[in-house]
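Here the structure comes first, spelled out in structure tokens, and everything after it is commentary.
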Amino acid sequence: MITKFNVLTEKICKQLDKAAGLCIAAVMFLVVANILLREIFSRPILGTYELVGLLTALGIGLALAHCAWQQGHIAVGFVMDRLPLKLQAGFDLLTNLLTLGFWSLTAWQLCRYAASMAANGVVSATARIPVYPVLYLLALGFLVLVLVQVVRVTEAARILFPGVFSAGLRPLSELTGSARKAIR
Amino acid sequence: MTPLLAGIIGIVLFFAFLALRVPIAFAMALVGFAGFSYLTSTSAGCSMLAQEIFSNFSAYSLSVIAMFVWMGFLAFYSGIGTRLYIFAHKLIGHFPGGLAIATQAACAVFGAICGSNTATAATMGTIALPEMKKFNYDTSLATASIAAGGVLGVLIPPSVVFIVYGMATTESIGKLFMAGIAPGILLMLAYMVVIFILTSRNPALGPAGPKASWRERIKALRGGLAEVLIIFIISMGGLFKGYFTPTEAGAVGAAGVLAVSLLGRRLNWDNFKKSLYETTRTTAMIMLLVAGAMIFGRFMAISRVPFELAAWAGALSFPPFIVMGIILLIYLLLGCFIDALALVLLTIPIFYPVVVNTLGYDPIWFGVIVVLVVAMGVITPPVGMNVYIIKGVAPDVPLENIFKGIWPFLAALVVCLAILIAFPRIATFLPEILL
């Protein structure tokens, strides 16, 4: 079951990352199109400034989880790398549980922020685009980041309690998280 | 507990999380949120958390990061770096140490379309290292010269670290970019002198390669340098002249590299996708750092740590340059352990008011100095990011060997730093004249 959860999490991360890539590419094309229309035809695209901001927010928010899945968020490992494997896994378990809780809270707060924006009918200044869908999508990005943290917790738990978390799992060499670093 | 004490405990807690391998962005956001909530209220902390994340992720001024990052990855995947290196190789590869010197020139020119030291080191590592191995270069000199050359990527515009510094201090990104040009060239020359001295004393370190004909050189010139020059002039020129915002300059640069690569049939669909995925990953990493630093900064501001520090520094009877020296030493020490970008984000809210408002130094000059000092951290042990990247490219070379070769280049960085401190106008004259 844990293996299926890991595979599903990775798939979701990749799909969101693809959507993030589209948003970033859209920003580039939008900005260049706006410059060309502004300079050649004196007709800039209405609301480019806001659209760029919202698309960039989506490009970042939807890529957060895949970045975490690939260990892309910078961490300093030289202290922990010197500790025994079990101790590393113990600390990993605790810190990942803590960050799991924190990103869950962040996702929840972004949802609340979105709900208040929707209730107040907040839209962007020029193009009148509703802002709350972007906030809900950002919350989704953080929610998937929480899933990645759950995977990290299970990986650390597998090292700490090998007897409890073993049946039906991928070999340790295929682990993706801090546990993999620890094994190295 | 006083706010000041809470701030100091927060800083200690942050470093404890770092030691426990918590990603830097996660640690900054978590400690910042907890500290802010403690000093205000949990509901205020929760509101601040959601607002800071959304306002930073959706800030138009910060979308520039994604654009310049994509520009660099497009340049990497379309092979512009390779063509730049071939040109430099044909031009000076026949001198002793010529390939290592050519690598510095290629790093500097590649830095003109790439804003990251790690991307520059990775690009040149994959291209230059096999060539230097072919000509029996000393592995220590070969690997260290590329790791150090990567630093040129953040000094020569565009530069992600300058963007983040400008964002954190509200200084002009255009001025910062321009201020990095002369120090970048100075550092490149200093590296070249180091390689020249080393190979003059011991020619076996970098044997001379074959001499290319002028025809070959001119052919190679059309390969990469012309493309980079055109893109740099349009993108950076537009920014410096005020035609473009930084985001527009980045988008035009990325579109320029994309157009040149597609016209030259040097970018296939697979590499295009790879460049985009690398961009989303890097941008997400940088922007979560930025948001984390902003949340941490909000906590620091209400804890009054930066103001107390500024007041303390102002009351010291030391001359300003001594205080400045202490600050640079702190940067140098922290830079050995913390990533350059994270270090700038973390420390600027604390040190910027001291250096600029209390000691009266020029903020643009300070930006260049900070970039140079934190850049030393990427090639010094134990967390020399560029060294680890080169180690990834050359797994057969022991890490100690690369670090051993770094020392002369580190000396060159220190000399450049000293020159910039003694003659600040090297950094500030271009923005003063042109903007």
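Here is the naming used below: chain letters follow the sequence lines, and residue numbers restart at 1 for every chain. All heavy atoms count here, side chains included; hydrogens, waters and symmetry mates do not.
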Report which part of A/Leu110 has an atom under 4.5 Å of a heavy atom belonging to chain B: side chain, backbone, both, or neither.
both

Interface moiety of A/His73 toward chain B, non-hydrogen atoms closer than 4.5 Å
both

Tell me whether B/Arg21 is salt-bridged to A/Asp81, with the criterion being a basic N under 4.0 Å from an acidic carboxylate O.
yes

Around atom NZ of A/Lys86, are there more than 12 heavy atoms of other residues, nucleotides or ligands at under 6.0 Å?
yes

Proximal component of B/Thr279, with respect to chain A [non-hydrogen, under 4.5 Å]:
side chain

Report which part of A/Arg38 has an atom under 4.5 Å of a heavy atom belonging to chain B: side chain, backbone, both, or neither.
side chain

Chain B contacts, top residue of A/Asp17, A/Ile74, A/Leu64, A/Val134 (heavy-atom pairs, under 4.5 Å):
A/Ile74

Against chain A, label B/Leu49 side chain, backbone, both or neither, depending on which of its atoms sit under 4.5 Å from a heavy atom there.
side chain

Let me know if B/Tyr243 has heavy atoms under 4.5 Å from chain A in its side chain, its backbone, both or neither.
backbone

Chain A contact via B/Ala29 - side chain, backbone, both or neither, heavy atoms under 4.5 Å:
both

Under 3.5 Å, is there a donor-acceptor pair linking the side chains of A/Asp92 and A/Gln88?
no

In terms of heavy-atom pairs under 4.5 Å, which option from A/Thr99, A/Leu55, A/Leu83 contacts chain B the most?
A/Thr99

How about A/Phe102 and A/Leu98: do any of their side-chain heavy atoms sit closer than 4.5 Å?
no

Evaluate the ring planes of A/Trp103 and A/Phe142, with Trp represented by its six-membered ring, and classify them as parallel (under 30°), tilted (30 to 60°) or perpendicular (over 60°).
tilted

How about A/Thr126 and A/Tyr49: do any of their side-chain heavy atoms sit closer than 4.5 Å?
no

Using 4.0 Å as the upper bound for N to carboxylate O, is an ion pair formed by A/Glu155 and A/Arg158?
no

Count the heavy atoms of every other residue, nucleotide or ligand shown that sit under 6.0 Å from CZ of B/Phe272, and state whether that count exceeds 12.
yes

I need the residue from A/Leu135, A/Val131, A/Val27 with the largest number of non-hydrogen atom pairs under 4.5 Å to chain B.
A/Leu135

Heavy-atom contact with chain B under 4.5 Å, split by part of A/Leu138
side chain

Tell me, with the steps shown, if B/Thr347 and B/Tyr331 meet side-chain hydrogen bond (donor to acceptor under 3.5 Å, both in side chains).
CA-CA 8 Å; B/Thr347 54; B/Tyr331 268 106; 2.8 Å; yes

Intermediate values then yes/no, side-chain contact (heavy atoms from CB on, under 4.5 Å), B/Ile295 and B/Phe299:
CA-CA 7 Å; B/Ile295 294 166; B/Phe299 166 45; over 6 Å; no

Taking A/Thr106, A/Leu54, A/Leu94 one by one, which has the highest count of heavy-atom pairs under 4.5 Å against chain B?
A/Thr106

Considering only heavy atoms, which portion of B/Ile53 lies under 4.5 Å from any heavy atom of chain A: side chain, backbone, both, or neither?
side chain

Return the option, out of B/Thr283, B/Thr282, B/Asn56, B/Leu30, with the maximum number of heavy-atom pairs under 4.5 Å with chain A.
B/Leu30

Using non-hydrogen atoms and a 4.5 Å limit, figure out which bit of B/Leu258 sits close to chain A: side chain, backbone, both or neither.
side chain

